[in-house]
Amino acid sequence: MLGLSALLVALLISLFIVQFLKLQWACRRLPPGPTPLPIIGNMWVMDFKRQHETLIKLAQIYGNIFTLWMGPIPIIILNGFQTVKDGLTVHAEDVSGRPSTPFWQRVASGKGIIFTSGHTWKQQRRFGLMTLRNLGLGKKGLEHRVQEEACHLVEFFMQERGQPLDPSFPIVHSVSNVIAAVVFGHRFTIENKNFHQVIESYDYMVKFGSSVSEMLYDIFPWLMNHLPGPHQKVFYCHEFLRSFARNEIRNHRENGPPDEPQDFIDFYLAQIDKSKDDPTSTFDEDNMVQAIFDLFLAGTETTTTTLRWTVLDMVAHPDVQEKVQKELDAVLGPSQLICYEDRKKLPYTNAVIHEIQRYNSVVAVGVPRECIRGTVLQGFPIEKGTIIIPNLTSALLDPEQWETPRQFNPNHFLDKDGNFVNKDAFLAFSAGHRVCLGELLARTELFLFFSNLMRAFTFKLPEGVKEINTEAITWITLQPHPYKICAVPR
Ligand code: HEM
Ligand SMILES: *[C@@H]1O[C@H](CO)[C@@H](O)[C@H](O)[C@H]1NC(C)=O
């Protein structure tokens, strides 16, 4: 008996050693990093309570490019503006893939824009970009939709008459309505319960997307598929969102094609028709439904979170708030419709918006990429299929690029004469072939929402409240803790 267990133990130990040696062999050409162990990889170096400090320490030891093993998978992490920028743009095509985890594989099934690579991604992305551009043109263009939502938001705050309120829901409602206008061609009232469920479902999916439950699902997908838990609710949410989109598509079909396409679905239906004889076409209803999902997913959480930080930053920096209001009052009439073009006359306001995005770095470490072929990063040969994380925060806080990286300081985007200056290190929307597809729409939203709110209100702490927690919660985005403020009409 003893002989047998000794044999087993010996076998396990030798297996472990063989695996260990294999891993060290795999490491020899990868960027440096802590020694990986079989099965757990580098989990042993991670102090999960102090993840940030561990990672900063690793960057200090190993430099701006290092390898971290998440279990059996090596992940290359890029830190610092120059390394991140070069990593995303020098061999832009090589690093244009998106890794898929079992969770997102089950949800997106290789369709749409965010979670695809190669041919499907190229077609869907190009079409998405073109459609956003087409929708921006003309009088009923996108900008007009954003202006309309900004007015609704101002009205909503007005009704509260300066009483303490949590601005999260009105903000996410307005931002989601912008995407609804783009995709469906119409908005939803604040009473519409179905649209509430849409908003809550996306929120639930984003939160799940960075939870322990998701990690479990990605490690044991076959097992988890048969177990109850939050992942089952996520699949339910996803199904609800898909049928919501399908319903809108059906309405569009029933109404027939308009003279001029008015929204994403109109354009997509026309495209399906146009390419029905092309065997390489990926334009079909499944891709359309997933692309709609992607626009909502990518377009609401990020913009909403940035606006929630905006309100907090103004409360924390009343001097900045006052200066923005002075500039707006000097340049704009009290009821003049504000246009995106007006930012050129409002350099300080524009600088403040950029600083809010830089300082709060909402997308955190950015969205992972995958090499679609072998490539070279900072001199290291990288194999096809390797996952890369370009740490966008590290560019936005790079001490070599910013005067006071960890302080809120709108002067980062102003020259000595008060003119607005763009900064290369402003990578909030990433860079390269997968740079944020909605960048222009997002910039328009941030500018129009912010300037309309600042013209109408002063944000203040509720009476008796001394300070607000400004630490971030890490979901997929870096979010503020829930808070209440007063929007005092000016
Ligand atoms: C403040 C607001 C926003 C920020 C900070 C932001 C940032 C980003 C970032 C960092 C990425 C990842 C790029 C990469 O892979 O390197 C991304 C991708 C994307 N964003 Fe945005 N985004 C914002 C708003 C929007 C909006 C409003 C839309 C909707 C029209 C949108 C649509 C997308 C899409 C579809 C992708 C995936 C692109 C692809 O995989 O090719 N984003 N965004
Ligand atoms: C990304 O950069 C930020 C700022 O330098 C740092 O705090 C964080 O730990 C970095 N994350 C990773 C994964 O390297």
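Counting starts at 1 for both ligands and their atoms, in listed order.
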(message) Here's one to test your reading of the geometry: is the NZ or CZ of Arg106 within 45 degrees of the ring axis of Phe235 and under 6.0 Å from its centre?
(response) yes

(message) Is Thr306 close enough to touch ligand 1? Criterion: a residue heavy atom under 4.0 Å from a ligand atom.
(response) yes

(request) Decide salt bridge (charged side-chain N to carboxylate O under 4.0 Å, His left out) for Glu439 and Arg443; before the verdict, give the C-alpha distance in whole Å, the side-chain angles of both, and the deciding distance to 0.1 Å. (result) CA-CA 6 Å; Glu439 176 170 350; Arg443 285 174 177 275; 2.9 Å; yes

(request) Evaluate the side-chain proximity of Ile113 to Phe127: yes if any heavy-atom separation is below 4.5 Å, no if none is. (result) no

(message) Give me the residue, atom name and distance of the protein heavy atom closest to atom 12 (C) of ligand 1.
(response) Val367 CG2, 3.5 Å

(message) How far is atom 37 (C) of ligand 1 from the closest protein heavy atom, and which atom is that?
(response) Ile114 CG1, 3.9 Å

(message) If I apply the N/O under 3.5 Å rule, does His433 come out as touching ligand 1?
(response) no

(request) Find out whether His252 and Tyr268 are in side-chain contact, i.e. whether some heavy atom of one side chain is under 4.5 Å from a heavy atom of the other. (result) no

(message) Any non-hydrogen side-chain atom of Leu129 less than 4.5 Å from a side-chain atom of Leu132?
(response) no

(message) Minimum heavy-atom separation for Leu478 and Trp309, please, with both atom names.
(response) O-NE1, 2.9 Å

(request) Run down the list Phe264, Trp121, Phe429 and name the one with the heavy atom closest to atom 6 (C) of ligand 1. (result) Phe429

(request) Heavy-atom distances under 4.0 Å are what count here, so tell me which part of Val178 touches ligand 1: side chain, backbone, both or neither. (result) neither

(message) Students often mix this up, so state it plainly: with edges at 30° and 60°, are the rings of His173 and His196 parallel, tilted or perpendicular?
(response) perpendicular

(request) Just let me know how Ala298 lines up against ligand 1, side chain, backbone, both or neither, with a heavy-atom cut-off below 4.0 Å. (result) both

(message) I want to check a possible cation-pi pair here: Arg358 against Trp402, using under 6.0 Å from ring centre and within 45° of the ring axis as the test.
(response) yes

(request) With heavy atoms under 4.0 Å as the rule, classify the contact between Asn79 and ligand 2 as side chain, backbone, both or neither. (result) side chain

(message) Within the structure, is a non-hydrogen atom of Phe115 found at a distance of less than 4.0 Å from ligand 1?
(response) no

(message) With a cutoff of 4.0 Å, is Asp294 in contact with ligand 1, counting heavy atoms of the residue only?
(response) no

(message) Residue-level breakdown please: for Arg98 versus ligand 1, do any non-hydrogen atoms fall below 4.0 Å on the side chain, on the backbone, on both, or on neither?
(response) side chain

(message) Please list the nearest protein heavy atom to atom 13 (C) of ligand 1 with its residue and the distance rounded to 0.1 Å.
(response) Arg434 O, 3.1 Å

(message) With a cutoff of 4.0 Å, is Gln357 in contact with ligand 1, counting heavy atoms of the residue only?
(response) yes

(request) Would you kindly specify which portion of Arg125 sits under 4.0 Å from ligand 1, judged on non-hydrogen atoms: side chain, backbone, both or neither? (result) side chain

(request) Answer yes or no: is there a side-chain heavy-atom contact under 4.5 Å between Ile338 and Phe447? (result) yes

(request) Answer yes or no: does an N/O atom from Thr303 fall short of 3.5 Å to an N/O atom of ligand 1? (result) no

(request) State if Glu445 counts as touching ligand 1 under the rule of any non-hydrogen atom under 4.0 Å. (result) yes

(message) So is Arg369 touching ligand 1 or not, going by heavy atoms under 4.0 Å?
(response) yes

(message) Return the closest protein heavy atom for atom 30 (C) of ligand 1 as residue, atom name and distance.
(response) Gly438 CA, 3.7 Å

(request) Would you mind running through ligand 2 and noting each atom that sits below 4.0 Å from a heavy atom of Ile77? (result) 14 (O)

(message) With rounding to the nearest 0.5 angstrom, report the OG to CG distance, Ser451 to Leu446.
(response) 10.5 Å

(request) Mind checking whether Val363 contacts ligand 1 via backbone (N, CA, C, O), side chain (CB onward), both or neither, at a 4.0 Å heavy-atom cut-off? (result) side chain

(request) Could you tell me which atoms of ligand 1, counted from 1 in the order shown, lie closer than 4.0 angstrom to a heavy atom of Leu392? (result) 10 (C)

(message) Let's go through Arg246 and Asp286 carefully: what are the C-alpha distance in whole Å and the side-chain angles of both, what is the deciding distance for salt bridge (charged side-chain N to carboxylate O under 4.0 Å, His left out) to 0.1 Å, and is it a yes or a no?
(response) CA-CA 9 Å; Arg246 288 220 161 86; Asp286 281 347; 3.1 Å; yes

(request) If you have a sec, work out which protein heavy atom is nearest atom 23 (C) of ligand 1 and how many Å separate them, to one decimal? (result) Thr302 OG1, 3.4 Å

(message) Take a 6.0 Å sphere around CD of Glu93 and say whether it holds more than 12 heavy atoms from other residues, nucleotides or ligands.
(response) yes

(request) Below 4.0 angstrom from a heavy atom of Asn391, which ligand 2 atoms are there? Numbered from 1 as shown, please. (result) 1 (C), 2 (O), 3 (C), 8 (C), 10 (C), 11 (N), 12 (C), 14 (O)

(request) Under 4.0 Å from a heavy atom of Ala428: give me the atoms of ligand 1 that qualify, with their elements. (result) 5 (C), 7 (C), 10 (C)

(message) Could you report the tightest heavy-atom contact between Ser430 and Arg369, atom names first, then the distance?
(response) OG-NH2, 3.9 Å

(message) Within the 3.5 Å criterion, strictly below it, is a donor on Thr349 or Arg343 matched to an acceptor on the partner's side chain?
(response) no

(request) Could you find the nearest protein heavy atom to atom 26 (C) of ligand 1 and give me its residue, atom name and distance? (result) Gly299 CA, 3.3 Å

(message) Can you see whether Asn409 engages Thr404 through a side-chain donor-acceptor pair at a distance of less than 3.5 angstrom?
(response) yes

(request) Considering heavy atoms of the protein only, find what lies nearest to atom 22 (N) of ligand 1 and give residue, atom and distance to 0.1 Å. (result) Cys436 SG, 3.0 Å

(message) At less than 4.0 angstrom from any non-hydrogen atom of Ala442, what atoms of ligand 1 do you find?
(response) 2 (C), 24 (C)

(request) Going by the side chain to side chain donor-acceptor pair (under 3.5 Å) test, name the single residue among Asn64, Thr393, Asn391 that passes it with Asn79. (result) Asn391

(message) Give me the residue, atom name and distance of the protein heavy atom closest to atom 16 (O) of ligand 1.
(response) Ser430 OG, 2.5 Å

